[in-house]
Amino acid sequence: MLLGFSLIILGLSAIFLQVIGTHWAFLGFLEKPGHLFAFVFKILMVMIGFVVVALANMDWDRDRRESGGK
């Protein structure tokens, strides 16, 4: 869950920083291929973060019991 929240927070803050014209120093390598690439990568970071959080909160045993599986 920590990984998911970290991706969400880093991605969103990186997008906001890109809007005002600056960037995180450790994500500076993303700006070399172009601003569009960096923006898309940051959006993907946020989306993957939400997926990780959702999967971390999933109760797999309950889903198995409700679906009738073993």
Side-chain angles (χ1 to χ4, degrees):
M1 236 162 89
L2 182 63
L3 174 66
F5 281 127
S6 298
L7 284 171
I8 293 169
I9 291 170
L10 283 175
L12 286 175
S13 64
I15 290 170
F16 291 136
L17 287 174
Q18 184 175 359
V19 168
I20 62 172
T22 185
H23 58 84
W24 288 110
F26 60 90
L27 293 177
F29 68 94
L30 292 174
E31 302 290 333
K32 289 185 181 173
H35 294 295
L36 179 64
F37 175 79
F39 181 72
V40 169
F41 189 84
K42 292 167 188 174
I43 292 289
L44 285 174
M45 280 176 55
V46 173
M47 291 172 61
I48 291 170
F50 279 119
V51 169
V52 168
V53 169
L55 289 175
N57 284 326
M58 187 74 128
D59 187 2
W60 297 101
D61 292 331
R62 186 187 62 155
D63 280 350
R64 234 179 268 122
R65 284 192 307 269
E66 288 177 358
S67 67
K70 291 184 177 184

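Basis for what follows: all heavy atoms, side chains included, without hydrogens, waters or symmetry-related copies. In what follows, residues are counted from 1 in the order of the sequence shown.
- In the hydrophobic cluster analysis, where Ile, Leu, Val, Met, Phe, Trp and Tyr join through side-chain heavy atoms closer than 4.5 angstrom, Leu36 is grouped together with Leu44.
- Cluster annotation: Met45 is not connected to Ile8 through the hydrophobic network of ILVMFWY side chains, with a link wherever side-chain heavy atoms come within less than 4.5 Å.
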Review item, side-chain donor-acceptor pairs of residues 11-26, under 3.5 Å, at least two apart:
from, atom 1, to, atom 2, distance (Å)
Ser13, OG, Ile9, O, 2.9
Ser13, OG, Leu10, O, 3.1
Ser13, OG, Trp24, NE1, 3.1
Gln18, OE1, Lys42, NZ, 3.2
Gln18, NE2, His35, O, 3.3

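- Taking all atoms of both residues into account, the shortest heavy-atom contact from Phe37 to Leu30 is CD2-O, 3.6 Å.
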Taking only distance into account, with no hydrogens and no angle test, what donor-acceptor pairs under 3.5 Å do side-chain atoms of residues 51-61 form with protein atoms, sequence neighbours excluded?
from, atom 1, to, atom 2, distance (Å)
Asn57, ND2, Val53, O, 3.3
Asp61, OD1, Arg64, NH1, 3.0

